[in-house]
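Comments concern the structure below.
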2 protein chains.
Amino acid sequence: MSRFRLEIRVVPRPGLLDPEGKAIQSALHSLDYEQVHEVRVGKLLYLNVEAASSEHAREGAEAMCKRLLANPVTEDFEIDVGEAVEQTVPA
Amino acid sequence: MSRFRLEIRVVPRPGLLDPEGKAIQSALHSLDYEQVHEVRVGKLLYLNVEAASSEHAREGAEAMCKRLLANPVTEDFEIDVGEAVEQTVPA
């Protein structure tokens, strides 16, 4: 088994309203950053996961996104599996 | 002037407690995803910005992070400037 570091990006679907993004955009405008035309806000998750291979790590993360981490109606997710961080030797 | 798409990742500094990450980790454990050893949660921001060059776009984004988007005490940020999306011709 190895440890993998996963980066998961959960973002609102295109076309859906993003009230948090709108709020940040108007805060930026009120600070005179008028060059900002759109802001969308997502969640960034870093997971440290034990898995037999990077494919297993990815499959597990997809299942977690569908069950808990992302809202399947309003959000999309992307998963990047990093290099194996360390080998873990079973005791 | 061109439009640039920026990706900004705002993450809690290493070593700081991340209560949201801890909550997600224990939710995952209660769903039997015992292979998850650490979860850290950050913010992902996509900005559509008008700027003369990608360097200007990055400098503007750094200023925005320092003033509004990131907490300088508890968070680090990284900025990726994407390709120019379109040229904007002044009227």
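Order of the sequence lines sets the chain letters (A, B, ...), proteins ahead of strands, with each chain counted from 1.
- Among the candidates A/E20, A/R40, A/Q25, A/R5, the residue making the largest number of heavy-atom pairs closer than 4.5 Å to chain B is A/R40.
- In this structure the side chain of A/Y46 reaches within 4.5 angstrom of the side chain of B/V11, judged on heavy atoms.
- Hydrophobic clustering keeps A/L45 apart from A/V41 (ILVMFWY residues linked when any side-chain heavy atoms are closer than 4.5 Å, directly or through intermediates).
- Closest of all the heavy-atom pairs between A/Y33 and B/G60 is CE2-O, 4.5 Å.
- When hydrophobic clusters are built by joining Ile, Leu, Val, Met, Phe, Trp and Tyr residues whose side-chain heavy atoms come closer than 4.5 Å, directly or via intermediates, A/V39 is not grouped with A/V10.
- In this structure, A/E50 CD and B/E34 CD are separated by 11.0 Å, a value rounded to the nearest 0.5 Å.
- For the atom pair CZ of B/R3 and CD of A/E38, the computed distance is 9.0 Å after rounding to the nearest 0.5 Å.
- Ranked by heavy-atom pairs shorter than 4.5 Å toward chain A, the options B/L31, B/I24, B/I8, B/L6 are led by B/L31.
- Proximity to chain A (any heavy atom under 4.5 Å) is shown, for B/A63, by both the backbone and the side chain.
- Using a 4.5 Å cut-off between heavy atoms, A/A61 makes no contact with chain B at all.
- The two atoms that bring A/L44 and B/K43 nearest to each other are CD2-O, 4.1 Å, heavy atoms only.
- Using a 4.5 Å heavy-atom cutoff, the side chains of B/E7 and A/R9 are in contact.
- Taking the side chain as every heavy atom from C-beta outward, B/M64 and A/L28 approach each other to under 4.5 Å.
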